[in-house]
**Student:** 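Mind looking over this structure? Questions follow.
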Amino acid sequence: MFASRRGALAALLLLCCCCFAPNAAVAELADKLRDDSELSQFYSLLEQNPVANATLALRSCTIFVPTNEAFQRYKGTAQVLYHMTTAAFSQSQLKTSVTSDMEGNPPLYITNGRNGDIYVNNARIIPSLSVELTNREGKRQVMHIIDEVLEPLTAKSSSTEMNNMDAMQFMRVADQLNLGNRTLRTYRTQVTMAKKESLFESPGFHTFLVPIDEGFKHSTRSGLVDAKVIDGHVIPNTVIFTAASEHDEPKTSAAFEDQIKVTVSFFKQKDGKMYVKSNTFLGDAKHKEGVVLAEIVKANIPIKNGVVHLIHRPLMIIDTTVTQFLQDNGENGALRKFYEVIMDAGGGVLEGINNLSEVTILAPSNEAWNISSIDNIVRDRKKMTDILNMHIIKDRLNVEKIRQKNANLIAQVPTVNNRTFLYFNVRGEGADTVVTVEGGGVNATVLQADVAQTNGFVHIIDRVLGVPHTTVLGKLQTDPMMSDTYRMGQFSHFNDQLNNTLRRYTYFVPRDKAWQKTELDYPSAHKKLFMRDFYYHSKNLLERHLVIADHAYTMKELVQMSLTDTVVLQTFRDSLKVKIEEEAGHLHDEYASHEWTEYVILWNYKKINVYRPDVECTNGIIHVIDAPLLEEKDIVVSGGSYLPESSICIMLANLIMITVAKFLN
């Protein structure tokens, strides 16, 4: 009834306008729309709507016009009046929200992005295309071009009364709304039982994260949804649409007080899927600390008091094991490819994870598997099993514990693959924390840390460990443990050759801590090695560490070669004579007990520990060692000092100048 009366009134107003003002500015604005081929689909809808035409003829207004490309992506029927408001707003005048002309006057929410972009709900205003006019009635009108069609909340049936509803009303009538096949009965029931309706009815501008019924398939999960968990699903006083959301920027939830503190953030995968995560960084006996991830299955539902995002499972609740988490996210989730590779390798890896009472998984993201060098390895089940085991730690290891192990150095952590360690490095604090991990020659960055499970943690990383993707040079450049050796090699351009993929290198690289010890033992020699003027001296030393052959040698191979005699390896300048021995290594700390194989280099009557064996690169292998291969002549130079070529040239030039001066006198 209301709509028919409104349409009749609009038709009457439009008729009056046409009779008394045939040259009104409505024609001008309509002409702009009609003449712009990129806006033709919205113009076609506008022509058919008498209320919209009457508004353009007689009133001030702002109109948000989607491009044709936006219509091609949109699957529904666009509501023209939801794209209009009867007040004129330039870009600088758009604040917080405006009231649309759609029946019930639902609001449109305005977000100002950090980079200067302005969003209307989930649509970005294209800044250079806005137009401002004054119609024949002297009314100011503004048109903004947007990159998405604005989608209001709609019902399945036209008989359903659609008032401008808040979040609680939305949940009560969810079965009658266009939400696909998603239902919200379980969560709505828990909200009612916890007497939290007022949180969802509160006026203002809020973001509500609502789990769908499918997210409660674990039988006991609904019973864990208490008042604090419900608070953790609401971001008060902030409306966040996904296109305007700041990537992984923590927002304070309603569960933020002295006893419990929970933040919520949004992030987008490269495949386009949107996720939200809760981070309980101060918990209690019932609400464990850690991160919980949830996929957004239907985003950007505008309501009277903010926006709703439907998520595939509740936040804050930690009730699955690491194995269950991999299974839940393996079908079509953030770890789909990782789970596929685990299953293709046979049941042993997953069974091994399931048998661990405490476990941490470094799980490569879906995008991490998109490199060509992995294809052949995946077909080798034994090799792939070794690589997968490199991603598994028999310990409950979150970022805080990694930081404690790190203690300003790089933390060394054994994996279930007894031959390999992972090396963690933590930089920054709070939201600026960056965690990197190295394993099998690959440096990975932790994308999502501390995803908590009942028996451990999952950290999502951006690379597959153990599958080399960089040359020896690339590894030296990026590994924080080898920065001193890299710096020394830069002085003489010694490093340049290490990018050659036609050669195979075995490089014994002293770690930074080894050079620090050298500085304490031989301060004068150390100082010269790291001075550019003495590059010739440092170059000779590095050449002793670099083996060039048709084959790159693993530590296991060098041990086998050492069983019969001293191993002679052809280095860049001469030869290196060594023997390699195996020893059993043990580590006992407050968290776990571990055993592994250690390697020792016997050289020049010295025993040098191999700190990180078999760091694989695309053109060779690096063995990180605990001491440089220093000889006596490297430390003591004849005459107490070493003069490089540049210094000799300067001295000769000075001598010539003195001689010439004396001759002239």
**Student:** Any ion pair linking Glu616 and Lys383 (charged N to carboxylate O, less than 4.0 Å)?
**Tutor:**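 A salt bridge is present here (some side-chain N lies under 4.0 Å from a carboxylate O).
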**Student:** Within the structure provided, determine whether Tyr505 and Asn500 are in side-chain contact (heavy-atom separation under 4.5 Å).
**Tutor:** yes
**Student:** One thing to verify: whether Arg504 and Asp550 come together as a salt bridge, which I'm taking to mean a side-chain N less than 4.0 angstrom from a carboxylate O.
**Tutor:**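 Result for this pair is no, no salt bridge flagged.
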**Student:** Can you pull the salt bridge (charged side-chain N to carboxylate O under 4.0 Å, His left out) pairs that have at least one residue in residues 438-460, sequence neighbours excluded?
**Tutor:** Glu438-Lys475, Glu438-Arg612
**Student:** Do the ring centers of Phe266 and His309 come within less than 6.0 Å of each other?
**Tutor:**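 Ring centres of His309 and Phe266 closer than 6.0 Å.
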**Student:** I'd like to know if Arg313 and Glu295 make a salt bridge, using a cut-off of under 4.0 Å between side-chain N and carboxylate O.
**Tutor:**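 Salt bridge flag = no for Glu295 with Arg313.
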**Student:** So, Glu543 and Lys539, do they make that salt bridge, N to O below 4.0 Å?
**Tutor:** yes
**Student:** List the atom of Gly232, the atom of Val264, and the distance in Å for their closest heavy-atom pair.
**Tutor:**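 Where Gly232 meets Val264 most closely, the heavy atoms are O-CG2, 3.5 Å.
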**Student:** Roughly how far, to the nearest 0.5 Å, is the CD atom of Gln327 from the CD1 atom of Ile342?
**Tutor:** 10.0 Å
**Student:** Walk me through whether Ile230 and Val225 qualify under side chain to side chain contact (heavy atoms under 4.5 Å, CB included).
**Tutor:** CA-CA 7 Å; Ile230 293 169; Val225 179; 3.7 Å; yes
**Student:** Do Arg427 and Asn425 have side chains that get closer than 4.5 Å, going by heavy atoms?
**Tutor:** yes
**Student:** Would you say that more than 12 heavy atoms from the other residues, nucleotides or ligands in this model lie under 6.0 Å from the NZ of Lys337, or not?
**Tutor:**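 Counting neighbours around NZ of Lys337, more than 12 heavy atoms of other residues, nucleotides or ligands fall under 6.0 Å, so yes.
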**Student:** Is it the case that the side chains of Thr320 and Gln453 hold a donor-acceptor pair, with the cut-off being a distance below 3.5 Å and no angle test?
**Tutor:**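 The criterion, which ignores hydrogens and geometry beyond distance, is satisfied for Thr320 and Gln453.
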**Student:** Using a 4.5 Å cut-off on heavy atoms from C-beta on, say whether the side chain of Met316 contacts that of Ser278.
**Tutor:** yes
**Student:** Run Asp479 and Val509 through side chain to side chain contact (heavy atoms under 4.5 Å, CB included) and show every step you take.
**Tutor:** CA-CA 11 Å; Asp479 195 299; Val509 176; over 6 Å; no
**Student:** Among side-chain atoms of His287 and Asp226, is any donor-acceptor pair under 3.5 angstrom?
**Tutor:**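 Per modelled atom types, His287 and Asp226 side chains form a pair under 3.5 Å.
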**Student:** Do Asp213 and Thr186 pass the side-chain hydrogen bond (donor to acceptor under 3.5 Å, both in side chains) test, and can you show the C-alpha distance, the side-chain angles, and the key distance before you say yes or no?
**Tutor:** CA-CA 6 Å; Asp213 284 344; Thr186 305; 3.1 Å; yes
**Student:** Measure the CG-CG distance between Asn604 and Leu629 for me, rounded to the nearest 0.5 Å.
**Tutor:**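 These two atoms lie 9.0 Å from each other.
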**Student:** Do the non-hydrogen side-chain atoms of Thr571 and Ile548 ever get within less than 4.5 Å of each other?
**Tutor:** no
**Student:** Does Gln490 form a side chain to side chain contact (heavy atoms under 4.5 Å, CB included) with Tyr486? I'd like the steps, not just the answer.
**Tutor:** CA-CA 6 Å; Gln490 287 295 92; Tyr486 172 74; 3.4 Å; yes
**Student:** In terms of the angle between their ring planes, are His233 and Tyr187 parallel, tilted or perpendicular, with boundaries placed at 30° and 60°?
**Tutor:** tilted
**Student:** Tell me whether Glu400 contacts the main-chain N or O of Gln404 through its side chain, where contact means a donor paired with an acceptor under 3.5 Å.
**Tutor:** no
**Student:** To the closest 0.5 Å, what do you measure between OG (Ser245) and CD1 (Ile296)?
**Tutor:**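 Here the interatomic distance stands at 7.5 Å.
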**Student:** So, for Ala334 and Gln269, which heavy atoms are closest and what is the spacing to 0.1 Å?
**Tutor:** CB-NE2, 3.3 Å
**Student:** Is there side-chain contact between Ser365 and Leu447, with at least one heavy-atom pair below 4.5 Å?
**Tutor:** yes
**Student:** Ignoring hydrogens, what is the shortest heavy-atom contact between Pro468 and Gly466? Give both atom names and the distance.
**Tutor:** CD-O, 3.4 Å
**Student:** What orientation do Tyr275 and Phe267 show, parallel under 30°, tilted 30 to 60°, or perpendicular over 60°?
**Tutor:**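 Correct class here is parallel.
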**Student:** Verify the neighbour count for atom CG of Asn355: are there more than 12 heavy atoms of other residues, nucleotides or ligands below 6.0 Å?
**Tutor:** yes
**Student:** Centre-to-centre under 6.0 Å for His623 and Phe508, is that the case here?
**Tutor:**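 Yes, the ring centres sit under 6.0 Å apart.
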**Student:** Applying ring pair (Phe, Tyr, Trp, His ring centres under 6.0 Å) between Tyr611 and each of Tyr423, Tyr599, Phe421, report the one that passes.
**Tutor:** Tyr423
**Student:** Would you call Glu631 and Lys606 a salt bridge, taking side-chain N to carboxylate O under 4.0 Å as the test?
**Tutor:** no
**Student:** Do the side chains of Leu422 and Met390 get nearer than 4.5 Å, heavy atoms only?
**Tutor:**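 The answer is yes, as the side chains (C-beta and beyond) meet within the 4.5 Å cut-off.
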**Student:** So does Arg511 pair up with Asp626, basic N to acidic O under 4.0 Å?
**Tutor:** yes
**Student:** With a 6.0 Å cut-off (strictly less than), is the heavy-atom count around CD of Glu582, excluding the residue itself, greater than 12?
**Tutor:**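 Yes, enclosed.
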**Student:** Does the side chain to side chain contact (heavy atoms under 4.5 Å, CB included) test come out yes or no for Ile580 and Met555, once each step is laid out?
**Tutor:** CA-CA 8 Å; Ile580 311 297; Met555 274 293 148; 3.7 Å; yes
**Student:** Judged by atom type as modelled, is there a donor-acceptor pair below 3.5 Å linking the side chain of Asn398 to the main-chain atoms of Ala449?
**Tutor:** no
**Student:** What pair of heavy atoms forms the shortest contact from Gly215 to Pro314, and how long is it?
**Tutor:** O-CD, 3.5 Å
**Student:** Inspect the contact between Asp248 and Lys277 and indicate whether a charged nitrogen and a carboxylate oxygen are less than 4.0 angstrom apart.
**Tutor:**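 Salt bridge between Lys277 and Asp248, a charged N being under 4.0 Å from a carboxylate O: yes.
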**Student:** Using a strict 4.0 Å threshold on nitrogen-to-oxygen distance, state whether Lys607 and Glu583 make a salt bridge.
**Tutor:**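 Yes, charged N to carboxylate O under 4.0 Å.
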**Student:** Could you grab the distance from atom OG1 of Thr618 to atom CG of Asn499, nearest 0.5 Å is fine?
**Tutor:**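 Answer for the OG1-CG pair, Thr618 versus Asn499, is 8.0 Å.
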**Student:** Looking at Ala294 and Leu315, what are the two nearest heavy atoms and their distance?
**Tutor:** CB-CD2, 3.8 Å
**Student:** What do you reckon, are the aromatic ring centroids of His218 and Phe216 less than 6.0 Å apart?
**Tutor:** no
**Student:** Measuring from His391:NE2 to Thr360:OG1, what's the distance to the nearest 0.5 Å?
**Tutor:** 13.5 Å
**Student:** Determine, stepwise, if the pair Gln516 / His526 fulfils side-chain hydrogen bond (donor to acceptor under 3.5 Å, both in side chains).
**Tutor:** CA-CA 9 Å; Gln516 292 166 14; His526 179 274; over 6 Å; no
**Student:** Decide side-chain hydrogen bond (donor to acceptor under 3.5 Å, both in side chains) for Thr445 and Thr436; before the verdict, give the C-alpha distance in whole Å, the side-chain angles of both, and the deciding distance to 0.1 Å.
**Tutor:** CA-CA 4 Å; Thr445 299; Thr436 57; over 6 Å; no
**Student:** Answer yes when Glu246 and Lys251 have at least one side-chain N-carboxylate O distance shorter than 4.0 Å, and no when they do not.
**Tutor:** yes
**Student:** Run through Leu498, Leu473, Thr471, Val472 and flag the one making a side chain to side chain contact (heavy atoms under 4.5 Å, CB included) with Cys617.
**Tutor:** Val472
**Student:** Heavy atoms, side chains only, cut-off 4.5 Å: are Val291 and Phe457 in contact?
**Tutor:**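 Of all side-chain heavy-atom pairs linking Phe457 with Val291, none is under 4.5 Å.
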**Student:** Is it true that atom NZ of Lys268 has more than 12 heavy atoms of other residues, nucleotides or ligands lying nearer than 6.0 Å?
**Tutor:**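 Count not over threshold, so no.
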**Student:** I want to check a possible cation-pi pair here: Lys261 against Phe281, using under 6.0 Å from ring centre and within 45° of the ring axis as the test.
**Tutor:** no
**Student:** Side chains of Ile621 and Pro613: closer than 4.5 Å at any heavy-atom pair?
**Tutor:**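 Heavy-atom side-chain distance check fails, nothing below 4.5 Å.
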**Student:** Roughly how far apart are Leu326 CG and Arg336 CZ, rounded to 0.5 Å?
**Tutor:** 14.5 Å
